[in-house]
Amino acid sequence: MSKPSLPAGTRDFGPDVVRKRHYILDTIRETFQRYGYQPLETPAFENLETLTGKYGEEGDKLIFKILNNGLDNPEKESKVRAGFEKVLQGKSSPDLTERALKYDLTIPFARYVAMNHGQLTFPFKRYQIQPVWRADRPQKGRYREFYQCDADVVGSRSLLYESELACLYHEVLTALGLTGYQLQVNHRSLLLALAEWCGDRDWLVPITVAIDKLDKIGLDKVKLELESNRLPAEAIEKILTYLAIEGSPASVLDQLEKLLGHLPEGQKGLSDLRTWMAYIKDQPLTYRIDPTLARGLNYYTGMIFEVKAPASVSMGSIGGGGRYDDLTGLFGVPDVPGVGISFGVDRIYDVMETLNLFPTDIADPPRLLFFNLGITESQVTFPLLQTLRSKGIAADLYPEAVKLDKQFKYAEKRGIPYVAILGASEIASGTIQLKNLQTGTQQTLTHAEFLNAKL
RNA sequence: GUGGUUGUAGCUCAGCUGGUUAGAGCAUCAGAUUGUGGUUCUGAGGGUCGCCGGUUCGAACCCGGUCAUCCACCCCA
């Protein structure tokens with residue numbers, strides 16, 4: 001019998017951790033509901049076909065695939081072997097795997113909308129809080145199983161939603177004490193316009209992949225990467241002027257206008273951003289327009305968001321989102337535009353932990369512990385315990401009549417503020433001892449007094 | 001997927017250029033204290049030194065492999 005262990009990148013959560021996670025999740029859920037989003041849950045796994053091709057080439061590699069059952073069936077042997085050959089060539093085969101763990105919440109949501117669009121009332125606003133899985137190598141802030149909290153709305157092109165989602169970010173993160181978070185926004189149309197200005201829309205992907213790394217690898221290396229992608233020097237010059245854009249949102253827009261305003265795509269991006277800014281201009285949130293923000297997921301078509309952890313913590317992105325014009329089109333239902341955001345709970349947890357942002361009174365131990373002084377005594381105690389519980393007071397009874405010393409220490413360790421002692425002498429007088437462990441005060445009460453005592 | 005780091009008691013870690021019986025603090029349990037905790041004191045239990053192999057008279061220590069971990073890259077929440 002070998003020692004038990006966990007698969008890499010997964011974790012158990014003890015009581016203290018679960019309480020803190022609930023604190024985050026409850027904050028997010030409450031805000032989602034207050035903004036009018038409805039709950040949705042989808043299965044842990046989907047048909048592999050539903051997921052593949054939606055997250056880009058790298059994304060596909062990170063999907064956890066589930067091996068089919070019954071591969072040892074002799075009748076399937078030749079198919080299975082043929083499927084295995086495909087796998088050896090880096091392709092997946094439905095003869096070997098036809099299901100996979102979900103990789104995010106957006107694609108399953110799009111699948112749900114595509115399957116149920118006839119029944120849904122649009123605009124449909126849903127939130128979803130569930131684990132997702134990625135076959136990445138674990139490291140700091142990166143787990144193989146982690147929770148996402150998504151809010152999406154489909155069926156409307158209104159920038160009202162981009163606006164309220166940005167406010168939602170602000171509300172949740174400030175409620176959690178993450179006041180130093182940074183919201184960055186950009187618009188895919190601007191990136192497209194940039195590619196077009198450079199000479200070819202097909203350069204969109206290599207350009208965005210390269211410039212997205214600007215703050216990480218620096219200007220020189222971005223330049224190198226663009227050159228290695230065989231972009232002409234003229235195009236690279238244009239990109240460098242684009243990358244030089246920075247400043248206040250208004251100033252960034254002005255500079256973008258000069259560079260890309262002559263292109264229809266550029267105008268689209270600029271006008272969306274202006275509309276968005278007008279919606280939120282009196283809201284408390286701060287943001288930065290970052291023309292280099294690209295975001296990997298290739299289904300975004302409009303505004304994109306990224307939330308970075310406070311600069312004092314090296315954690316990178318704790319949330320992201322954006323508009324996608326045609327996600328359900330992938331599932332055969334065209335013309336259902338959508339926009340959504342996501343919170344990375346596990347990273348938010350890590351950031352809050354390093355910043356010490358969790359409230360200290362998050363634990364909710366029982367209010368009272370009945371000591372156990374013997375079978376007879378505890379049988380008198382038990383009804384009192386149940387009465388307290390029925391009144392909504394969390395209480396416990398120690399299971400064995402061990403030394404009081406030990407029962408005191410148990411109460412203390414669990415953070416239980418009151419203990420009640422009912423032994424032979426209390427039975428004789430019909431009373432009970434109630435002791436406050438913090439103050440050390442103890443009083444003798446009748447059962448009726450005890451049940452009405454303020455705990 | 002690529003590169004590196006670290007694996008010693010439940011936890012955090014010592015352990016000298018390889019040397020006899022592997023240590024500390026915390027935690028646990030017992031006693032001092034049979035119905036009154038927190039402090040203190042005394043004592044006890046707990047180890048295949050991640051695993052497998054190699055070098056050596058001798059390995060926790062050196063070498064190889066493997067697994068796990070953390071970190072970085074790729075990518076991402």
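The shown structure was predicted, so the numbers you read here are calculated from the model rather than taken from an experiment. In the text below, chain A, chain B and the rest are named by the order of the sequence lines, each starting its count at 1.
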Separation of B/A77 atom P from A/E145 atom CD, nearest Å, is 17 Å

Identify all pairs in which a protein N or O lies below 3.5 Å from an N or O of nucleotides 67-70 of chain B, and state each distance.
none

Take the protein atom CZ of A/F343 and the nucleotide atom C1' of B/A77, then report the distance between them rounded to whole Å.
-> 12 Å

Whole-Å distance, A/R347 CZ to B/C75 P, equals 14 Å

Aromatic ring pairing A/Y55/A/Y103, orientation class (parallel under 30°, perpendicular over 60°, tilted between) = tilted

Quantified in whole Å, what is the C1' atom distance between nucleotide B/G65 and nucleotide B/A9?
-> 27 Å

Take the protein atom CH2 of A/W133 and the nucleotide atom C1' of B/C76, then report the distance between them rounded to whole Å.
-> 17 Å

Has the side chain of A/E426 got a donor or acceptor that lies under 3.5 Å from a partner of the other kind on the base of B/G35?
-> yes

For the residue pair A/F371 and A/F408, is the inter-centroid distance of their aromatic rings smaller than 6.0 Å?
-> yes

Separation of B/C76 atom P from A/E306 atom CD, nearest Å, is 9 Å

Of residues 439-455 of chain A, the positions that come close to RNA chain B - non-hydrogen atoms, cut-off under 4.0 Å = A/G440, A/Q442

Counting any heavy atom closer than 4.0 Å, what does A/Q407 reach on the DNA or RNA strands: base, sugar-phosphate only, or nothing?
-> nothing

Take the angle between the ring planes of A/F32 and A/Y37 and call it parallel below 30°, perpendicular above 60°, tilted in between.
-> tilted

Is there a donor N/O on one and an acceptor N/O on the other, under 3.5 Å, for the side chain of A/R142 and the base of B/C75?
-> yes

Those residues at least two apart in sequence (or on a different chain) that pass side chain to side chain contact (heavy atoms under 4.5 Å, CB included) with A/L192 are A/R201, A/L204, A/E265

Provide the distance between the two P atoms, one in B/C67 and one in B/U21, to the nearest whole Å.
-> 33 Å

Would A/K86 and A/D95 pass as an ion pair if we require N to O under 4.0 Å?
-> no

Test applied, salt bridge (Lys or Arg N to Asp or Glu O under 4.0 Å); reference residue, A/D152; option that passes from A/K125, A/R126, A/R323 = A/R126

Tell me what A/K308 touches on the nucleic acid: a base, only sugar-phosphate, or nothing, going by heavy atoms under 4.0 Å.
-> nothing

Kindly list each side-chain donor-acceptor pair under 3.5 angstrom involving residues 393-402 of chain A, sequence neighbours excluded, with atom names and distances?
{"unit_1": "A/D396", "atom_1": "OD1", "unit_2": "A/R389", "atom_2": "NH2", "d": "3.2"}
{"unit_1": "A/D396", "atom_1": "OD2", "unit_2": "A/R414", "atom_2": "NH1", "d": "3.4"}

Rounded distance [0.5 Å steps], OG1 in A/T441 versus CD in A/Q443 | 6.5 Å

Just checking A/G141: base, sugar-phosphate only, or nothing, at a heavy-atom cut-off of under 4.0 Å?
-> base

Mind pulling the stems RNA chain B is in, i.e. runs of at least three Watson-Crick or G-U pairs, everything under 3.5 Å?
-> B:1-4 with B:70-73, B:10-13 with B:23-26, B:28-32 with B:40-44, B:50-54 with B:62-66

Roughly how far apart, to the nearest Å, are B/A27 and B/U12 at atom P?
-> 15 Å

Integer angstrom distance from the P of B/A59 to that of B/C51 = 15 Å

5′-ward residue of the pair A/D405/A/A135 relative to RNA chain B = A/A135

Kindly assign one of parallel, tilted or perpendicular to the pair A/Y299 and A/Y324, based on the angle between their ring planes and the thresholds 30° and 60°.
-> perpendicular

Residues A/R347, A/D350: salt bridge by 4.0 Å N-O rule = no

Classify the nucleic acid contact of A/I318 as base, sugar-phosphate or nothing, counting any heavy atom under 4.0 Å across all strands shown.
-> sugar-phosphate

Output yes if the stacking criterion (under 5.5 Å between centres, under 30° between planes) is met for A/F146 over the base of B/A77, else no.
-> yes

Pairwise P distance for B/G4 and B/C63, with rounding to whole Å = 15 Å

Just the atom pairs and distances: protein N or O near nucleotides 25-32 of chain B's N or O, under 3.5 Å.
{"unit_1": "B/U28", "atom_1": "OP1", "unit_2": "A/K413", "atom_2": "NZ", "d": "2.1"}
{"unit_1": "B/G31", "atom_1": "OP2", "unit_2": "A/K403", "atom_2": "NZ", "d": "3.2"}

Rounded P spacing from B/A72 to B/U5 in Å | 15 Å

Just call it for A/I421: base, sugar-phosphate, or nothing, with non-hydrogen atoms closer than 4.0 Å on any strand.
-> base

Considering only NZ, NE, NH1 and NH2 on the basic side and carboxylate oxygens on the acidic side, decide whether A/K223 and A/E227 come within less than 4.0 Å.
-> no

Atom OH of A/Y127 and atom OG of A/S342: how far apart are they, to the nearest 0.5 Å?
-> 15.0 Å

A/D212 CG to B/A77 C1', straight-line distance once rounded to whole Å | 14 Å

Tell me what A/G423 touches on the nucleic acid: a base, only sugar-phosphate, or nothing, going by heavy atoms under 4.0 Å.
-> base

Nearest heavy-atom approach of A/Y242 to A/P291 is OH-O, 2.9 Å

Pairwise P distance, B/C61 and B/U34 [rounded to whole Å] | 49 Å

Same-atom distance (C1') from B/A14 to B/G47, integer angstrom | 15 Å

Taking atom C1' of B/A77 as reference, at what distance in whole Å does atom CG of A/L183 sit?
-> 15 Å

Check every strand shown and say whether A/S317 touches a base, only sugar-phosphate, or nothing at a heavy-atom separation below 4.0 Å.
-> sugar-phosphate

Taking 4.0 angstrom as the limit, do A/R21 and A/D346 come out as a salt bridge?
-> yes

Rounding to a whole Å, what distance do you find between A/L25:CG and B/A77:P?
-> 18 Å

Looking across every strand, which nucleic acid part, if any, lies under 4.0 Å from A/D346 by heavy atom: base, sugar-phosphate, or nothing?
-> nothing

Between B/C75, B/A77, B/G37, spot the one nearest the side chain of A/E58, thanks.
-> B/C75

In A/K65, A/R111, A/E46, the residue satisfying side-chain contact (heavy atoms from CB on, under 4.5 Å) with A/L51 is A/E46

Under 4.0 Å between a Lys/Arg side-chain N and an Asp/Glu carboxylate O for A/K409 and A/E412?
-> no

Does a side-chain heavy-atom distance below 4.5 Å link A/F109 with A/F124?
-> yes

